[in-house]
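Written below as structure tokens is the structure these notes are about.
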Amino acid sequence: MNRILAYLEEAVASLWRNRMRSLLTMLGMIIGSASIITVFGISRAATSGISSTFASFGQEPLLILPDQAQDYPQIAQIQYRDIQKVSTALGDLAVSVMGQWQQTIRITFGNKQDYISAFQVGAYQPDALVMSQGRKIDAQDVASAARVCVLTSDVDRTFFGSAPAVGSIVRINGTPCEVVGVYADIKGSLFNSLAGSGSVGMPYTTYHDVIAPGPVDFLAIYPADPGQANRVGNLAVAALQHVHGARAKYTQQNAAGTISSFENVLNIIGIGLSAIGGVALIVAGIGIMNIMLVSVTERTREIGIRKAVGASRGDIALQFLMESILLALLGGGVGMGIGVLVTVGGATLLSRQLGEMIIPYVLIVSLALMFSIIVGVVFGTYPALRAARLDPIEALRA
């Protein structure tokens, strides 16, 4: 240990004697390390923000809809009465089966009017979304097809401003409905738009009675076991074909699988961009190798003297390898600090769009140290071996 500390002290002294050259050599490591930390850190933080926001929506449903590519799509139209038939066919395999429509509705309150999108709510609501006012639609509302609705925050501000909305009566396509709740803003403005900001929600039973007495656009099914989504979807399609005939074709969309694929794509993109940034580390490593070869040439006589007084090849190699690793660690450490600062700043800006983010500090610091040591060892080995193999007599003559 004392010998290693002595070599470390000599390495520091050697780098300090040529501090400008050492600083320029470390510049490549600083840039490479900072770029990798920034790209990897921000990508992981963004993925965590997106994942946590998606998680607030709870379990995603399995969607069953008519295949529009078939010759006669109308034969596969899902009727409202089919909801109960599919629910009976699935039994305990599904927690909830509900109808869904994609339509724009007219909402009026006093002299204010707007056309907005609508979403339908069932008795089963696995989300963790918070209400800023009132309550969510409950199972009793769905069972009784109550004339109630919930608003997103944008609609609340448009129609009510700072006044309380709960208890007010709005007209939806001319039908009076009581506002029982208002959703709070989702953390991240991007998801406020993607998740239906500017929408009104109603029990799907009420929506059928008031807005869309005709066919259902598609079914939303919540499997009791998300891992059995494919089986549940196949059974639902079989139940629909039993009613509408074997020629009726349906497609399945597993929203949970789509979200998982999206998160995997984000992770792959982050790793890919980090790998591109790794090219800078290779260039930095070549710079370290070059400067260490120059150092070996400059200190040839010193190496000869050390060998003459008893230094082994291992001692010489270790001395130069320590200098190489120290160069890489110093450059990587400064780059890590810059990368962390940029990551924190970038995550702060992105959190306004994507929600609260978690920066994996331990992971990115570990990566920075690991890459710095690897670069120092890999690109410092050849110069160290070259110094160790010098003939002491020839070195003394240099």
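Small disclaimer: the values here were computed from a predicted structure and weren't measured.
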Find out if a path of hydrophobic residues (ILVMFWY) with successive side-chain heavy-atom gaps under 4.5 Å connects [X] to [Y].
X: M370; Y: V340; value: yes
X: I37; Y: I282; value: yes
X: V243; Y: L90; value: no
X: I286; Y: I288; value: yes
X: V296; Y: L385; value: no

So do the side chains of I291 and R21 get within less than 4.5 Å of each other, counting heavy atoms only?
yes
Any non-hydrogen side-chain atom of V170 less than 4.5 Å from a side-chain atom of C149?
yes
Could you tell me whether a side-chain N or O of [X] sits under 3.5 Å from a main-chain N or O of [Y], the two making a donor and an acceptor?
X: D156; Y: V182; result: no
X: S87; Y: I83; result: no
X: S96; Y: Y222; result: no
X: S324; Y: G376; result: yes
X: D67; Y: A69; result: yes
X: N173; Y: R106; result: yes
X: S35; Y: G32; result: yes
X: Q70; Y: I75; result: no
X: Q79; Y: V216; result: no
X: K136; Y: L129; result: yes

Minimal non-hydrogen separation, [X] against [Y], with atom names:
X: I42; Y: V342; value: CD1-O, 4.2 Å
X: A284; Y: G28; value: CB-C, 3.3 Å
X: A145; Y: T205; value: CA-OG1, 3.5 Å

Per the ring pair (Phe, Tyr, Trp, His ring centres under 6.0 Å) rule, what does the pair list look like for [range], sequence neighbours excluded?
range: residues 323-346; value: none
range: residues 285-307; value: none
range: residues 133-166; value: F109-F160

Taking atom CD as the centre, does Q113 end up with more than 12 heavy-atom neighbours from other residues, nucleotides or ligands that are less than 6.0 angstrom away?
yes
Between T88 and Q84, a side-chain donor and acceptor under 3.5 Å
yes
Classify the ring geometry of Y80 against Y204: parallel below 30°, tilted from 30° to 60°, perpendicular beyond 60°.
tilted
Just grab all the side-chain hydrogen bond (donor to acceptor under 3.5 Å, both in side chains) pairs involving residues 230-249, residues at least two apart or on different chains.
D82-H244, N234-Q252
Residues that D141 engages under salt bridge (charged side-chain N to carboxylate O under 4.0 Å, His left out), provided they are two or more places apart:
R135
Sequence neighbours excluded, which residues qualify as side chain to side chain contact (heavy atoms under 4.5 Å, CB included) partners of A212?
W101, Q103, Y207
Would you check, one step at a time, whether the test side chain to side chain donor-acceptor pair (under 3.5 Å) holds for S117 with T104?
CA-CA 4 Å; S117 62; T104 299; over 6 Å; no
Of L363, L369, V362, the one forming a side-chain contact (heavy atoms from CB on, under 4.5 Å) with V365 is L369
